[in-house]
Student: 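Here it is, the structure in full.
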Amino acid sequence: MKEIFEQGIDRENTNSAKWDAREKIFGTSDLLPMWVADMDFAAPPSLKDALIKRAEHNAYGYTIHNDELLHTIQNWVKRRHQTNIDTDLLSFSPGVIPSLHAVIQAFTEENDQIVIQPPVYPPFFSVIETHNRTVVENPLVQGDNGYEMNFEELEELFKAGAKALLLCSPHNPVGRVWTEEELKKVTDLCVKYNVMLFSDEIHADIVFSQSEHFPAIRVNEKVKELTFTLMAPSKTFNIAGLQGSFILSPNEEQKEKLDKQLQKQGIGMLNTFAYTAMQTVYESGEEWLEELNKTLENNRDLVKNMFDESGLPIRTIPSEGTYLVWLDFRETEIPHDELKKILIEEAKVGLNDGTTFGKQGEQFMRMNIAAPRSTVEDGVNRIIEAFSE
């Protein structure tokens, strides 16, 4: 299993967005892509075998899920996150972003205020604005150990009439794995002010050794009636291209309303291989995942140590999970656009532009470390050399 993460996998010329869209995204294909959030690792070997077996049937008509898949998901969430879920409240969609579109359309109205906590995953802005809802920002604040929530401001926004909170847990891009205490504060406020909670927990399984992911519904029994929990195996097992995720609704009435919205969007049914993939990775991918998390934690430490030892004013924000590192270039005092130019033209590394995560991302960049150690080392060395000149 270890060799999967030591060797990686060549993804060039496979229509990989990460590798084969370099010219379109960065203006050149002559760079190392460390941006879009998927991995340069092969998925669990059992998945390949399962997909081949399914393909050998050679009929790909409309496919439904069975009870076995529902119970597999239930067992995974119980085993990995110590949380009991009701299988009768599970729905499926091709991804967490389509799910967010659905819950926002179904459970909020035009002009409703929806709170987000930037810097945050860019679609959090667009899923709100696309449907003529109002983005209300509750920016994270930097503490001694990374980013923290501003609970006082959050309460004021709830008091002022916000209808929903779009929570990123674990947080992309800052790598926070929210503690039980932090999530208790958030959920208590949601209950107090009757604010819907749309909890994006797609990175739930990628958590490092000193942290633990707490589903929002695990920390507060009362918040369950206000919460839609969105999860998927896509980030966990590098299968985003197979397009499968699930949503846990608060109750049967809300699930029925959600399912109607998913049908309106034409996304109430997954493709044949998505069901097979979800079943397989949740049943047999745990050993692979454990090795992945060790690899990512080591890569996180490698990036921090290399920048610290370089003597350059480039900092890594402490990360507790995900395979994304938030790089802080503010002490370089180099304007943001110039930073981008140096990274692309001199370092020849493709990172995510920090400003796409909100104005709080000025002079920040997001680095994807889900690659073999040698690749991550190469990327950091390129940056160090470019900023040492």
Side-chain angles (χ1 to χ4, degrees), residues 5-6 8 18 22 26-28 30-37 39-40 118-119 139-148 170-177 206 208-211 293-389:
F5 303 104
E6 292 174 345
K18 183 178 184 181
R22 286 174 290 178
F26 299 103
T28 177
D30 181 25
L31 52 68
L32 179 65
M34 304 182 78
W35 63 296
V36 69
M39 307 187 213
D40 291 336
L140 301 179
V141 293
Q142 282 189 274
D144 294 335
N145 298 309
Y147 284 83
E148 300 171 354
H171 195 280
N172 171 12
V174 307
R176 277 302 317 277
V177 176
I206 304 175
F208 302 145
S209 57
Q210 300 304 309
S211 299
N293 281 338
K294 291 176 190 174
T295 299
L296 296 175
E297 188 163 2
N298 288 336
N299 283 353
R300 175 205 64 179
D301 295 343
L302 172 68
V303 173
K304 180 184 186 305
N305 292 338
M306 288 181 70
F307 279 122
D308 287 350
E309 292 167 7
S310 73
L312 292 171
I314 301 173
R315 306 282 175 251
T316 61
I317 300 302
S319 175
E320 299 161 338
T322 82
Y323 48 81
L324 307 164
V325 173
W326 194 229
L327 295 179
D328 183 352
F329 289 85
R330 288 176 298 176
E331 290 182 25
T332 67
E333 299 184 349
I334 298 172
H336 189 83
D337 287 343
E338 183 64 21
L339 284 173
K340 289 166 58 179
K341 187 174 180 181
I342 293 171
L343 288 164
I344 294 170
E345 297 181 6
E346 297 181 34
K348 296 188 182 299
V349 174
L351 305 180
N352 283 100
D353 181 344
T355 59
T356 63
F357 298 85
K359 59 181 179 289
Q360 298 81 4
E362 182 84 18
Q363 292 183 295
F364 286 84
M365 299 287 164
R366 191 187 76 171
M367 172 184 278
N368 180 344
I369 60 169
R373 181 182 179 91
S374 58
T375 301
V376 175
E377 194 168 19
D378 179 22
V380 176
N381 273 329
R382 292 180 184 213
I383 296 170
I384 289 172
E385 288 173 12
F387 283 85
S388 296
E389 295 176 357

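Keep in mind that this is a model prediction, so the values were computed, not measured. For this chain, numbers begin at 1 and follow the sequence in order.
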Student: Could you pull out the closest heavy-atom pair between Tyr147 and Pro119, with the gap in Å?
Tutor: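 Result for this residue pair: CE2-CD, 4.1 Å.
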
Student: Answer yes or no: is there an ion pair linking Asp378 with Arg382, defined by an N-O contact shorter than 4.0 Å?
Tutor: yes

Student: In the structure I gave you, are the side-chain heavy atoms of Leu339 and Thr332 within less than 4.5 Å of one another anywhere?
Tutor: yes

Student: Distance check, rounded to the nearest 0.5 Å: Phe26 atom CZ versus Leu31 atom CG?
Tutor: 6.0 Å

Student: Taking the side chain as everything from C-beta on, heavy atoms only, tell me whether Ile334 gets closer than 4.5 Å to Phe329.
Tutor: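 Answer no - side chains too far apart.
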
Student: How long is the span from the CD atom in Glu338 to the CD atom in Glu333, to the nearest 0.5 Å?
Tutor: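 So the CD of Glu338 and the CD of Glu333 are separated by 14.0 Å.
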
Student: Do you know which of Asp308, Ile369, Asn298 makes side-chain contact (heavy atoms from CB on, under 4.5 Å) with Val303?
Tutor: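 Filter result, single survivor: Ile369.
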
Student: Looking at Arg300 and Glu297, is there a salt bridge between them, counting it only when a charged N and a carboxylate O are closer than 4.0 Å?
Tutor: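 So Glu297 pairs with Arg300 through a salt bridge.
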
Student: Does a salt bridge link Arg373 with Glu6, judged by any charged N lying under 4.0 Å from a carboxylate O?
Tutor: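 No, Arg373 and Glu6 are not salt-bridged.
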
Student: Considering all heavy atoms of both residues, which atom of Ala386 and which atom of Ile342 are nearest to each other, and what is their separation?
Tutor: CB-CG2, 4.1 Å

Student: I need the Ile314 CD1 to Met306 CE distance, nearest 0.5 Å.
Tutor: 11.0 Å

Student: Indicate whether any N or O donor in one side chain lies under 3.5 Å from an N or O acceptor in the other, for Thr355 and Asp353.
Tutor: yes

Student: Which heavy-atom pair separates Thr375 from Leu32 by the least distance, and what is that distance?
Tutor: O-CD2, 3.7 Å

Student: Does Trp35 use its side chain to pair, donor to acceptor, with the backbone of Asn368 at less than 3.5 Å?
Tutor: no

Student: Say whether, by atom type as modelled, one donor and one acceptor occur between the side chain of Arg176 and the main chain of His171 under 3.5 angstrom.
Tutor: no

Student: Could you measure the distance from the CD atom of Gln142 to the CG atom of Asp328? Nearest 0.5 Å is fine.
Tutor: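 Spacing of CD (Gln142) from CG (Asp328) equals 6.0 Å.
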
Student: How far does CD of Glu345 sit from OG1 of Thr28, to the nearest 0.5 angstrom?
Tutor: 9.0 Å

Student: Would you say that Ile383 contacts Leu351 through its side chain, given a criterion of any heavy-atom pair below 4.5 Å between the two side chains?
Tutor: yes

Student: Over all heavy atoms of both residues, which pair between Gly379 and Val349 is shortest? Give the atoms and the distance, please.
Tutor: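 Nearest pair, atom of Gly379 first, then Val349: O-CG2, 3.8 Å.
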
Student: Mind checking the OH-CD1 spacing from Tyr323 to Ile206? Nearest 0.5 Å is all I need.
Tutor: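 The OH atom of Tyr323 sits 5.5 Å away from the CD1 atom of Ile206.
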
Student: For the backbone of Ala371 and the side chain of Asn299, can you confirm whether one donor and one acceptor N or O come within less than 3.5 Å of each other?
Tutor: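 Judged by distance alone, yes, a pair lies under 3.5 Å.
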
Student: For the NZ atom on Lys304, are there more than 12 heavy atoms of other groups (residues, nucleotides or ligands in this structure) within a distance under 6.0 Å?
Tutor: no

Student: Is any side-chain heavy atom of Leu324 less than 4.5 Å from a side-chain heavy atom of Ser319?
Tutor: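 No, every pair of side-chain atoms sits at 4.5 Å or beyond.
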
Student: Side-chain contact test, heavy atoms from C-beta onward, threshold under 4.5 Å: evaluate it for His336 versus Met365 and give yes or no.
Tutor: yes

Student: Looking at every non-hydrogen atom in both residues, tell me the closest pair between Leu296 and Ala370 and how far apart they are.
Tutor: CD2-CA, 3.7 Å

Student: Examine Phe357 together with Phe364 and report whether their ring centres are nearer than 6.0 Å.
Tutor: no

Student: Looking at side-chain heavy atoms only, is the closest gap between Thr356 and Arg366 below 4.5 Å?
Tutor: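 Heavy-atom side-chain distance check fails, nothing below 4.5 Å.
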
Student: Using a 3.5 Å distance criterion without hydrogens, assess whether the side chain of Gln360 forms a donor-acceptor pair with backbone atoms of Pro139.
Tutor: no

